[in-house]
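Predicted model, so just to flag it, every value in this text is computed and none were measured.
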Amino acid sequence: MSDVAFSWTDLGDIIEGRPNLGNFTKVEVYRLMQYTMRAVLEAEYGDDECRRLLSRAGKISGFSFCQTKLDVSLPLNSFVARLHEKLEEMGIGILRIEKIDAENLRLIVTLSEDLDCSGLPVNGYTVCDYDEGFFAGIFECYTGKEFEVKEIDCWSTGDRTCRFTINPI
């Protein structure tokens with residue numbers, strides 16, 4: 001899937017490494033890492049390349065997430081239901097399916113209370129590039145086909161949820 005060396009095991013043994021603090025942290029800590037990294041990437045490479053790199057990283061993580069946390073043998077509706085459960089269980093966000101065309105593998109989904117932008121100030125542009133890649137990686141892993149995911153609504157554009165179109169390429 002990728003020319004980047006990454007394995008879920010690279011995340012380490014969190015239970016052993018954090019016996020007192022456990023597996024969870026505050027969203028501010030995640031955003032601190034993401035938005036400082038984003039600022040550096042934008043300064044070094046410009047906005048378009050920054051978005052591309054964040055999406056690429058998201059795709060790698062989505063593919064690995066799917067391999068590790070989901071059952072790709074399930075039919076689409078069951079797979080999406082399990083994805084919803086897993087995203088909520090892990091505190092990533094609340095997934096809702098607005099439209100699903102199972103025959104053509106086209107979806108419109110929302111992700112509310114997401115890690116990336118829920119509660120951000122309105123700035124007039126979408127910021128969930130990582131999430132676009134994350135969903136693309138999940139559905140590529142599930143189907144073996146590449147996907148284009150586009151965020152069409154975002155908290156930072158004034159919407160109260162993020163909305164994505166998911167389409168095979």
Side-chain angles (χ1 to χ4, degrees), residues 1-2 4 6-15 17-18 21-38 41 50-72 74 76-100 105 107-121 123 125-143 146-157 159-167:
M1 198 241 45
S2 172
V4 175
F6 174 78
S7 168
W8 196 265
T9 59
D10 292 343
L11 302 178
D13 185 335
I14 296 169
I15 293 169
R18 292 175 53 101
L21 295 176
N23 199 28
F24 294 95
T25 189
K26 295 191 178 282
V27 173
E28 293 115 331
V29 174
Y30 169 83
R31 287 186 183 174
L32 178 65
M33 181 194 67
Q34 184 192 46
Y35 283 97
T36 55
M37 189 175 307
R38 177 182 211 104
L41 289 170
C50 171
R51 288 175 175 271
R52 188 188 73 74
L53 291 170
L54 288 171
S55 179
R56 184 174 175 209
K59 186 174 182 181
I60 293 166
S61 70
F63 196 94
S64 187
F65 177 86
C66 183
Q67 285 180 316
T68 307
K69 301 293 183 183
L70 299 169
D71 180 354
V72 297
L74 295 173
L76 182 61
N77 286 338
S78 299
F79 175 81
V80 170
R82 185 66 185 127
L83 174 60
H84 163 84
E85 291 169 4
K86 190 53 81 171
L87 293 176
E88 194 165 335
E89 172 188 309
M90 295 184 77
I92 295 170
I94 301 170
L95 181 71
R96 298 281 184 253
I97 308 303
E98 287 192 345
K99 187 176 182 180
I100 188 166
L105 296 172
L107 299 92
I108 298 175
V109 303
T110 62
L111 190 63
S112 300
E113 296 186 39
D114 64 288
L115 288 172
D116 290 351
C117 76
S118 294
L120 287 181
N123 62 20
Y125 53 88
T126 62
V127 296
C128 298
D129 311 295
Y130 185 87
D131 290 346
E132 288 177 343
F134 186 72
F135 282 124
I138 288 170
F139 282 93
E140 179 178 333
C141 180
Y142 175 63
T143 66
E146 286 198 59
F147 279 77
E148 177 183 56
V149 178
K150 181 70 179 153
E151 184 178 28
I152 56 176
D153 294 314
C154 182
W155 188 287
S156 68
T157 61
D159 295 290
R160 301 304 275 183
T161 190
C162 296
R163 183 170 285 104
F164 301 87
T165 58
I166 302 172
N167 297 299

Please round to the nearest 0.5 Å and tell me the distance separating atom [atom1] of [X] and atom [atom2] of [Y].
X: E151; Y: D114; atom1: CD; atom2: CG; value: 8.0 Å
X: N23; Y: M90; atom1: CG; atom2: CE; value: 7.0 Å
X: D71; Y: L83; atom1: CG; atom2: CG; value: 12.5 Å
X: I166; Y: E132; atom1: CD1; atom2: CD; value: 10.5 Å
X: K150; Y: T165; atom1: NZ; atom2: OG1; value: 8.0 Å
X: I138; Y: K69; atom1: CD1; atom2: NZ; value: 12.5 Å

Donor-acceptor check, side chain of [X] to backbone of [Y], threshold 3.5 angstrom: yes or no?
X: Y35; Y: D116; result: yes
X: R82; Y: L74; result: no
X: T110; Y: R163; result: no
X: R31; Y: L115; result: yes
X: S61; Y: G58; result: yes
X: T36; Y: L32; result: yes
X: T157; Y: D153; result: no
X: S7; Y: T9; result: yes

Decide yes or no on side-chain contact (heavy atoms from CB on, under 4.5 Å) for V27 and E113, but give the supporting numbers first. CA-CA 11 Å; V27 173; E113 296 186 39; over 6 Å; no
Any idea which heavy atoms bring [X] and [Y] closest together, and the distance?
X: T126; Y: R51; answer: O-NH2, 2.7 Å
X: C141; Y: V72; answer: O-CG1, 4.0 Å
X: L111; Y: L95; answer: CD1-N, 3.9 Å

Can the ring centroids of F135 and F147 be said to lie less than 6.0 angstrom from one another? no
Side chain proximity check, N77 to I100, heavy atoms < 4.5 angstrom: yes
Hey, does E98 have a side-chain heavy atom less than 4.5 Å from the side chain of L107? no
Above 12 or not: heavy atoms from other molecules or residues under 6.0 Å from CD of Q67? yes
Does E148, at its CD atom, have more than 12 non-hydrogen atoms belonging to other residues, nucleotides or ligands within less than 6.0 Å? no
Pair L70-F65, side-chain contact (heavy atoms from CB on, under 4.5 Å): steps then yes or no: CA-CA 7 Å; L70 299 169; F65 177 86; 4.0 Å; yes
Holding to side-chain hydrogen bond (donor to acceptor under 3.5 Å, both in side chains), I want the full list of residues that pass it with T161, two or more places apart in sequence or in another chain. S112
If we check side chain to side chain contact (heavy atoms under 4.5 Å, CB included) with F139, which of these qualifies: V149, N167, L105, L76? L76
